[in-house]
S.K.: 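A single structure is presented below for examination.
Computed from a predicted model, the values in this text were never measured in an experiment.
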Amino acid sequence: MKENVKGSIFDKLPPSLIKKNNVTLFPEGVVGYLAGPTLALLANSVLSNYFNKYMSDVLHINSWASAFFTWLPVISVIFVVIGNILVGRLMDSSKSARGKARPLLLVSVPISLLALLFLFVFSPYSADSTSWHTGALICIAIGYNLWFAFAYPMYYTPHAALVSLSTRNSKDRGLLATISNATMLAAMGLSSMILPFFLNLLFVYDMSGKGTPVTNDAGAILYYVDEAGAAIYDAQASYDHWKIFVIALIIITLVGVLIEYFFTRERVTEESMGESTETKAALPIGEQAKICLSDRFWIIMMVFFFLYQFGGMIKNVSQNYFCTAMFADAMGNYTVAYGGQLQGTLAIIGAVPTAVGMVIALPLANILGSKGKAILTGAVMAVVGGVIGMINPHSFIVVTVSFVIKALGSTPAMYLSLALLADIFDHQEAIHGVRTDGLSMTIYGAIMAGMTGLTTGVLNGVLSAVNYDVSTLQTNEALRAAMPWVFIGGETLCYAGIFLIFLFMGVEKFSKIDHIAIVADQKAAARAEHREYISAEEKIRREEGEEAYQAELKKQAEAAAREEARVKALTPEKRKAEKEAEAKLLKEFNALRKAAGRDEVTI
């Protein structure tokens, strides 16, 4: 890899440990796109799942500062958008030999450290007075916005961009997208499947003897409940335990980011930065917006990400409240601990079809002919699963069946969406000669990060409307009426929307022409700059040797032979129809090129 790009502070960073020009499952896929991001994303998964409960059940902010509790996550969305715009512009303007995304992963670490310290360590608490209230609100407001508006976007936006920047090979990109999206599942799984079984260490029962004891069959006291039947917690002990837990999260985050940085590579960035003798300025946001808003596939994809993330996050942030409100333990009591156990059980069962989906998502897309059709099919299944759950949300068995079906239906969207977005970037580059990674990932990152605040705000609004209080779980029927619509209904409606918009998704039909146009443009740029054009195959020869070069040629020859055999197997009528369809598609493509002020492409 050439490193002739100068002038960036990031140039002094150590290079990637990935040297191969083709994507490999190990170590790049398994280590760089799975292990590292899983660790790095764990802290955000914990905050998304449990910080709201920490505020309501440990600090009881919903009781003495209900407006703050409801509006903090909603108002913070403004800062989330600002933070993501900043990250997007940093990516666009980056001229580092280490890439445009990878260095920003490292920048996120100190911001994450500071945010977590404000949220849990600097924030004061005292069980004996209320003098700490103002200080706690200030620290939480600072820490919350530092995390969701700056720390998380500074990590997640570059992390998500790595799939589209890793390679132009659609198959390899699909593999990395599948693995990359699995990291969110893995991190969320660790926090929603395993952590619930240890919630008694973070939400500590008050065993001082206050209230009525609840015992097991052997007569041992498990916890105490108040007059309303709600478990009584030791707020001071819970607060202290969270401090220790967060220190561990900080260390895990650092390790995860370092692993991802060293075991990923931006091959597409290298094409534009490592070979050209000219340094191109970042494309203005206005120009990127003009390109994006004229692209129907891009608009569909952004609406998809909004619906997908809203549905997933409203389910995640409400899951513990749902399980706590809907299912009583053997003693007939509704408790956070029992709800947490059922949440963990539900998440573990639901993880099985999600894990299966990771294996079948790409084959399903191949069978159906496109990633878009696979996502469309999955959306139908997710809607069916949601309808089943709403039939009887009081039955844990029915809810589990619903959860499993929805989880399986969501897997194509989960694993294939980033690869589909990368196809759209290629299409834009083929049409306009530029990629809109910066603006697109800014909006994508804002949706991913901001949706936690938005859905938490929606949830908190519902909780306030039904007068949620942990001490009134036994008698709050309004809570039990509302939570199925939040936990099950919200995601179901979102997938119904995804089904409708994906009826019009068709960017993949242009993939072959897009790649031909991009190579033609790269050759023309090399001629204009009076430099040698280096093909992908020749780059492999120069960087990895003759053996790797011959292996690449053999792989391409085998692919060409398979395509030739496929065409020969067609009837003359089908062959003619296919050629006519290709000609029509090329005409449509060239019309788009012409509208963008660029020359036509021939095949």
S.K.: Short question: side chain of R267, backbone of N21 - any donor-acceptor pair under 3.5 Å?
M.R.: yes
S.K.: Examine the side chains of N49 and S191 and answer whether a donor and an acceptor come within less than 3.5 Å of each other.
M.R.: yes
S.K.: With the threshold set at 4.0 Å, does a side-chain nitrogen-carboxylate oxygen contact exist between K587 and E582?
M.R.: no
S.K.: Determine whether D295 and I424 satisfy the following criterion, side-chain contact (heavy atoms from CB on, under 4.5 Å), listing intermediate values before the conclusion.
M.R.: CA-CA 9 Å; D295 183 351; I424 292 173; 3.7 Å; yes
S.K.: Less than 4.0 Å between a side-chain N and a carboxylate O, is that true for E491 and K406?
M.R.: yes
S.K.: Would the distance check show the side chain of R598 and the main-chain N or O of R593 forming a donor-acceptor pair, the cut-off being under 3.5 Å?
M.R.: no
S.K.: Scan side-chain atoms only and decide if S112 and W147 contain a donor-acceptor pair under the 3.5 Å cut-off.
M.R.: no
S.K.: Below 4.5 Å, heavy atoms only, C-beta onward: do V404 and V352 meet side chain to side chain?
M.R.: no
S.K.: Can a salt bridge be assigned to the pair E538 and R541 using a cut-off of 4.0 Å between side-chain N and carboxylate O?
M.R.: yes
S.K.: For F504, look at atom CZ and say whether over 12 heavy atoms of other residues, nucleotides or ligands are found less than 6.0 Å away.
M.R.: no
S.K.: Ignoring hydrogens and angles, tell me if any N or O in the side chain of R435 forms a donor-acceptor pair with the backbone of E429 under 3.5 Å.
M.R.: no
S.K.: Under 3.5 Å, is there a donor-acceptor pair between the D437 and Q288 side chains?
M.R.: no
S.K.: Check this for me: does any side-chain nitrogen of one of R566 and E563 sit under 4.0 Å from a carboxylate oxygen of the other?
M.R.: yes
S.K.: Is it true that a side-chain atom of R89 and a backbone atom of P284 form a donor plus acceptor pair closer than 3.5 Å?
M.R.: no
S.K.: Would the distance check show the side chain of T157 and the main-chain N or O of M154 forming a donor-acceptor pair, the cut-off being under 3.5 Å?
M.R.: no
S.K.: Would you say Y33 and T38 make side-chain contact, with heavy atoms under 4.5 Å?
M.R.: no
S.K.: With no hydrogens and no angle check, is any side-chain donor or acceptor of S402 less than 3.5 Å from a backbone partner on G385?
M.R.: yes
S.K.: Going by heavy atoms in the side chains, are N169 and N22 under 4.5 Å from each other?
M.R.: no
S.K.: Out of curiosity, Y261 OH to L17 CG, how far, rounded to the nearest 0.5 Å?
M.R.: 9.5 Å
S.K.: Distance-only, no hydrogens or angles: does the N590 side chain make a donor-acceptor pair with backbone N or O of V601 under 3.5 Å?
M.R.: yes
S.K.: Quick one: do E578 and R575 make a salt bridge, cutoff under 4.0 Å?
M.R.: no
S.K.: Strictly below 4.0 Å, N to O, side chains only: are E270 and K539 in salt-bridge contact?
M.R.: yes
S.K.: Taking only Lys NZ, Arg NE, NH1 and NH2, and the carboxylate oxygens of Asp or Glu, determine whether K509 and D514 approach each other closer than 4.0 Å.
M.R.: no
S.K.: Test your reading of the model: is there a side-chain donor-acceptor pair from E508 to the backbone of K371, 3.5 Å cut-off?
M.R.: yes
S.K.: With a sphere of 6.0 Å drawn around CG of D599, does it hold more than 12 non-hydrogen atoms of other residues, nucleotides or ligands?
M.R.: no
S.K.: Would E588 and K594 pass as an ion pair if we require N to O under 4.0 Å?
M.R.: no
S.K.: Checking ring pair (Phe, Tyr, Trp, His ring centres under 6.0 Å) against Y444, which of F425, Y308, F304, F305 comes through?
M.R.: F305
S.K.: With a 4.5 Å heavy-atom cut-off, do P15 and R98 have their side chains touching?
M.R.: yes
S.K.: Just wondering, more than 12 heavy atoms not from E547 lying within 6.0 Å of its CD?
M.R.: no
S.K.: Do S108 side-chain atoms and L105 backbone N/O form a donor-acceptor pair below 3.5 Å?
M.R.: yes
S.K.: Under a 4.0 Å N-O cut-off, is there an ion pair linking R173 with D426?
M.R.: yes
S.K.: Quick one: does any side-chain atom of T167 pair with a main-chain N or O of D172 as donor and acceptor, under 3.5 Å?
M.R.: no
